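So the structure is just underneath, and the comments pick up after that.
The figures here come from the full heavy-atom set of this structure, side chains too, leaving out hydrogens, waters and symmetry mates. In this text the structure is predicted, and so the values were computed from the model without any measurement.
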Amino acid sequence: MKQRTRTEYSIMNTSIAMIAQALAILMGFFTRVVFTRTLSEGYVGINGLFTDILNILSLSELGVGTAITFALYDPIARNDIRKQQILMRMFRTFYRITAAIVLGAGLLLIPWLDLLMKNRPDVDHLLLIYLLYLLNSVVSYLLIYKKTLVDAHQMNYLTVLNHNGFLVIQDICQIVILLTTGNFILFLIAAVLCTFCANVVMSRKADQLFPYLKESCKDQLPADEKREIGRNVKAMLMHKISNVVVNNTDNLLISGFVGVISAGIYSNYFLVIGSVRQVLEQAMQGVAASVGNLGVTEDKEKVRKIFEILFFIGQWLFGFSAICLYELLNPFVAIAFGRNYLFESQIVLILCINFFLNGTRRAGIIYKESLGLFWYDRYKAVVEAVLNLVISIVLVLKLGIAGVFIGTFCSTLFTSAWVEPYVIYKHRFACSPLLFFKKYGWNLIVMAAIWWGTDYICHLWAGSAMETLIFRLGICLVIPNLMLWFVYRTTPECKEFFRLIQNIFQKIKQRVMG
């Protein structure tokens, strides 16, 4: 009962952070609309391309943040200040090295930029623009390592509030710059300054919460603990490579094989889909530190039950959101960015299916990372990356843009979708995952039927883009949730889901009423 209260408290704080994140996303949409309407399609394409290039360079981080976070759970549970100091000192050194590597690799890439752009757009000061993107990426590694300790103490909402608060400030500055000057260089400088200020504020907040971070500590970890962290970092490197290849090469492939303008069109869809994903992942990530604590203090059966509840919540949230995105994306893009930025409905469908499939993995990823199960599926990550690249390149030559996204779907379906739950059940729960996979399969059938039914109703009426958006929004808010409730209302997972929602609203009401 004590752990349940702790988890609910974490979810409550996460809901507050989600409000801040939703505000930042709304401002981000508005900034993107102004950006797209103010600048040419070439700038839109360059934005998506350079962002993905620097995400690939972030491979130098190696996923060490996840490994360090896991290593912190045990000393935090035992209130071992000395070990926390040692780990954070290691993390600080590593992030400084990472910033230097990203800077060096980014500079070495400059002579090869033209090879990554088919039909290079007519954009002035392209090199300076790239250097500002690179600087923003390098600055993001400075002073931010302390946020890991805040997250490990189950205070992730503080880092989210800080991050999104400065994103809102950044958006306001960028909108003013675009509307008054239309200068893309100033637009990027505002991003660099806001990133730096956000890191400074987060660093000072961590120092206030944990004064021992400023104390001198020259102790070293025992050799066996260093080996364990090194082992986890090696495994996380493989996962990091897979994640970057699967999620951050789409723009590169589209830019290289189709054109920079098409990459810009995709970046608008990615913005909307990515923003929804961020909110939902934040909702689930709020319990990650609690899961890490569970792994230290609770038995396997308790941990398994919470996993199944979290997995059910993820399927509901991401399934409902995928349906909404499929029905609403094109009307929204037409209104916000213009009809020249639209994809065909088949491409949107593939994007939304990928969104749902990756969303169903979220509970497994949280558990795998929080419980330190990085090692057991490390080769899966490599296979997934290779499959993604090979299938995407083959299909993009035959199907165009759709082939890139089909490659992502196939690589995920053949690897992560089933390997991650298998690893958790075998190496943490010590039981067969067969019953879980049967339930998973049934849930997919249910979601497909609800998706089809909602789509059928949405197409019973058509009008202008705005009228279509409003009509479909009403349908999507009601029909999928009503049907999901009807199918699952008697299951333990559904009852627990609604109990958590009820408790959150009660606590919000208590805070508002004082």
Side-chain angles (χ1 to χ4, degrees), residues 17-52 54-55 121-126 128-137 139-140 159-202 251 260-261 263-279 282 325 328-342 465-466 469:
M18 284 176 60
I19 296 173
Q21 190 166 39
L23 176 60
I25 287 172
L26 288 175
M27 288 299 301
F29 282 148
F30 189 37
T31 304
R32 185 67 176 210
V33 171
V34 176
F35 174 68
T36 305
R37 298 286 187 177
T38 304
L39 301 175
S40 67
E41 292 177 339
Y43 284 101
V44 178
I46 288 298
N47 176 68
L49 175 62
F50 286 173
T51 299
D52 270 2
L54 293 168
N55 281 334
D122 184 18
V123 172
D124 296 330
H125 310 296
L126 191 61
L128 177 58
I129 289 171
Y130 173 74
L131 290 175
L132 285 171
Y133 274 100
L134 177 60
L135 179 61
N136 193 42
S137 180
V139 168
S140 69
T159 62
V160 174
L161 286 171
N162 176 76
H163 174 70
N164 287 288
F166 276 95
L167 276 183
V168 171
I169 295 172
Q170 174 182 312
D171 288 330
I172 293 172
C173 294
Q174 290 180 326
I175 289 170
V176 171
I177 289 170
L178 288 174
L179 292 178
T180 56
T181 69
N183 190 309
F184 190 51
I185 303 298
L186 293 177
F187 177 91
L188 295 176
I189 291 174
V192 174
L193 292 176
C194 287
T195 299
F196 178 75
C197 292
N199 289 359
V200 170
V201 170
M202 192 67 245
N251 255 324
V260 175
I261 302 301
I265 295 174
Y266 168 61
S267 67
N268 287 334
Y269 282 85
F270 184 79
L271 170 72
V272 180
I273 295 173
S275 297
V276 175
R277 183 179 64 246
Q278 286 176 20
V279 172
Q282 181 59 44
L325 285 169
L328 303 176
L329 261 174
N330 270 358
F332 175 81
V333 170
I335 295 169
F337 306 115
R339 291 192 172 275
N340 55 319
Y341 285 97
L342 287 178
M466 180 60 74
L469 183 68

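- With sequence neighbours left out, Asn162 forms a side-chain hydrogen bond (donor to acceptor under 3.5 Å, both in side chains) with no residue at all.
- Note that CG of Leu325 and CG of Asn330 are 11.5 Å apart. Values are rounded to the nearest 0.5 Å.
- Closest of all the heavy-atom pairs between Asn164 and Ala24 is OD1-CB, 3.3 Å.
- With sequence neighbours excluded, no residue satisfies ring pair (Phe, Tyr, Trp, His ring centres under 6.0 Å) with Phe337.
- Here Ile265 pairs with Tyr269, Tyr341, Phe343 under the side chain to side chain contact (heavy atoms under 4.5 Å, CB included) rule; sequence neighbours left out.
- Judged as a side-chain hydrogen bond (donor to acceptor under 3.5 Å, both in side chains), and not counting sequence neighbours, the contacts of Thr31 are Asp171.
- Interatomic distance, Leu132 CG to Ile129 CD1, rounded to the nearest 0.5 Å: 8.0 Å.
- Put simply, CD1 on Ile169 and CE on Met27 are 10.5 Å apart, with the number rounded to the nearest 0.5 Å.
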Side-chain donor/acceptor pairs under 3.5 Å, residues 172-194, sequence neighbours excluded:
from: Gln174; atom 1: NE2; to: Phe187; atom 2: O; distance (Å): 2.9
from: Thr180; atom 1: OG1; to: Val176; atom 2: O; distance (Å): 2.5
from: Thr181; atom 1: OG1; to: Ile177; atom 2: O; distance (Å): 2.7
from: Thr181; atom 1: OG1; to: Asn183; atom 2: N; distance (Å): 3.1
from: Asn183; atom 1: OD1; to: Ile185; atom 2: N; distance (Å): 2.8
from: Asn183; atom 1: OD1; to: Leu186; atom 2: N; distance (Å): 3.1

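- Looking at heavy atoms from C-beta onward, Leu23 lies in side-chain contact with Val168 at the 4.5 angstrom threshold.
- Heavy-atom minimum distance, Ala465 versus Pro331: O-CB, 3.8 Å.
- A distance of 9.5 Å separates CE of Met202 from CG of Leu161, quoted to the nearest 0.5 Å.
- Separation of atoms CG (Asn268) and CD1 (Ile273) is listed at 11.0 Å; rounding is to 0.5 Å.
- Partners of Arg32 by salt bridge (Lys or Arg N to Asp or Glu O under 4.0 Å), not counting sequence neighbours: none found.
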